[in-house]
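Take a look at the structure below.
Whatever order the structure lists ligands and atoms in, that order sets their numbers, starting from 1.
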Amino acid sequence: MKVLGINALFHDPAAALVVDGRTVAAAEEERFSRRKHGHRPVPFAAWELPEQAARWCLARAGLTPADLDMVAYSYDPALARPADELGLHDPWDELRQVYARRAPEFLATALPGLDPAAVRFVPHHVAHAASAAGAAPARDADVLVLDGRGEAASHLAARYSADRYPGTGLEVLAAQSLPHSLGLLYEDLTQHLGFLRSSDEYKVMALASHGTPRFEEELRQAVTATDDGGFRTDPVDWASLAKPRAPGEPWTQDHADLAASVQARLEGVLLELADWLHERTGNRLLTLAGGVALNCVANTRIFAEGPYDDVWVQPAAGDAGTALGAALHAAAFDGDDPAPMPGADLGRSWTDEELEQALRTAQVPFERPADVAEAVADCLAEDGVVAWFQGRSEYGPRALGHRSLLAHPGRAANLDRLNAVKGREQFRPVAPMVLESRAGEVFRRGPLPSPYMLFVHDVAEAWRDRIPAVVHVDGTARVQTVSAETEPLVARMLSAFADRTGLPVVVNTSLNTAGRPMVDSPRDALECFGSAPVDLLAIGPFVVRRPRTVP
Ligand SMILES: [Fe+2]
């Protein structure tokens with residue numbers, strides 16, 4: 001069975017291809033269109049068909065649209081109700097529904113040869129759920145989905161077992177109806193704090209570490225778990241707590257305290273939702289998806305304080321992941337047994353010959369060192385900044401050692417240096433990658449291994465001064481562990497760096513400049529290298545060096 005998954009309606013348009021239950025390819029449209037999130041997150045532009053991503057998924061597998069058995073679309077317009085009936089103020093929602101109903105025709109136009117009758121609608125939160133529990137390395141798990149909104153809900157709590165519930169795999173135990181939504185609550189706060197809603201929520205989470213949750217009690221009335229496995233989010237008068245911040249204005253302590261208070265309340269409610277679900281199933285593994293599951297601070301609290309032995313989060317937890325989830329769900333529905341996703345590196349890659357040709361086309365001097373991992377470790381040990389472009393690009397928002405910007409973690413100044421390269425706010429942390437075999441020495445509290453950078457860990461006291469660039473203001477770090485088995489090249493680079501410095505850790509942030517999507521193609525990499533103060537580009541087995549300028 002060949003199933004193409006499509007996410008097109010709310011955020012982060014994406015496509016994914018599942019063949020006989022196995023994930024073959026998945027990519028976000030922004031990596032092709034070079035527009036972050038696929039479009040500006042404003043309602044009247046709130047859809048974009050992932051045409052290029054879909055065509056590439058098919059090409060990767062040597063398929064044509066006519067070869068597809070099914071196209072799974074991660075929204076079911078039959079479950080939707082008018083926005084005002086749902087208690088939402090969204091004057092453009094009607095257009096969105098028209099677009100969803102017409103999706104089969106749009107898709108058939110974008111993918112000539114596709115039979116519109118092959119398009120099947122998958123409920124949005126079922127797609128999120130399948131992207132977590134259906135892609136995780138376990139056959140029986142609980143799943144919590146939390147996002148801004150789906151058709152008429154913002155949450156789903158379920159047990160997922162391919163063996164116990166053949167067909168869909170899901171037993172839904174609770175679902176919270178709109179307008180109550182933890183995702184929309186966080187988006188409202190994001191907007192109040194002067195950031196871009198549906199886009200900059202992770203900045204609010206970083207800002208929260210700079211504050212104390214002194215408004216948490218005031219928020220408790222409005223934001224609270226209910227005894228049916230759901231929750232309530234009543235409207236909050238944000239301005240009565242902290243005055244609105246205009247974009248670009250400096251933030252105040254009140255802003256940080258408000259962010260900390262909402263973050264604390266969110267974590268409290270999530271812990272109650274996890275308790276409720278666990279009481280009903282007794283399962284040992286909880287899987288998470290939906291945009292709220294990108295909140296790695298909350299994820300760690302669920303892991304550290306919640307009732308489950310283990311927590312697994314879909315790396316593309318936002319709406320992009322519903323493309324994969326819809327495809328996995330539709331495949332399972334028709335009898336295929338979904339296999340765990342092989343990793344987050346599901347995007348495009350180029351052969352060494354293609355990379356060499358791209359370098360020749362750009363007419364930049366390059367060399368092929370005996371081992372690119374050693375050459376990169378040399379540069380990093382000398383405090384150089386490295387653009388690292390290797391293998392298939394990542395699905396989801398995190399750079400996981402395939403399209404990364406790397407630096408020495410021992411120099412505190414590298415935080416500001418990388419934030420300057422990327423044009424980011426100075427209050428935001430950069431993250432470490434660490435050899436999986438040594439992670440336990442350096443990082444505590446969060447789950448280990450942690451290959452997808454979806455949890456924060458406490459940095460052990462003895463290491464804080466040794467890797468200051470990656471230690472956030474609250475003593476934590478958002479870690480990616482690197483296994484020599486699954487990521488041999490990255491692990492070799494980390495080992496080579498450890499040999500030179502004694503540090504099994506390297507700073508890792510996504511390879512992009514301000515406001516741009518992550519680098520995907522060799523051309524994107526060269527553009528990024530050409531426009532940012534990066535010392536070395538490691539692209540496949542080749543390196544391009546920036547000549548040291550004399551001051
Ligand atoms: Fe969603």
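Checked against a 6.0 Å centroid threshold, the rings of Y75 and F10 count as neighbours.
Taking the Fe ion (ligand 1) as reference, the nearest N/O/S atom within H124 carries the name NE2. D147 contributes OD2 as its N, O or S atom closest to the Fe ion (ligand 1).
For the pair L207/W251, a side-chain contact is recorded, criterion being any heavy-atom separation below 4.5 Å from C-beta on.
The OD1 atom of D319 and the NE2 atom of H128 meet at the Fe ion (ligand 1) at an angle of about 90°, given to 10°.
For D69 and R120, the salt-bridge test fails: no basic side-chain N is under 4.0 Å from an acidic carboxylate O.
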Would Q191 and E187 satisfy side chain to side chain donor-acceptor pair (under 3.5 Å), going step by step from the backbone distance to the final call? CA-CA 6 Å; Q191 187 170 351; E187 287 186 16; over 6 Å; no
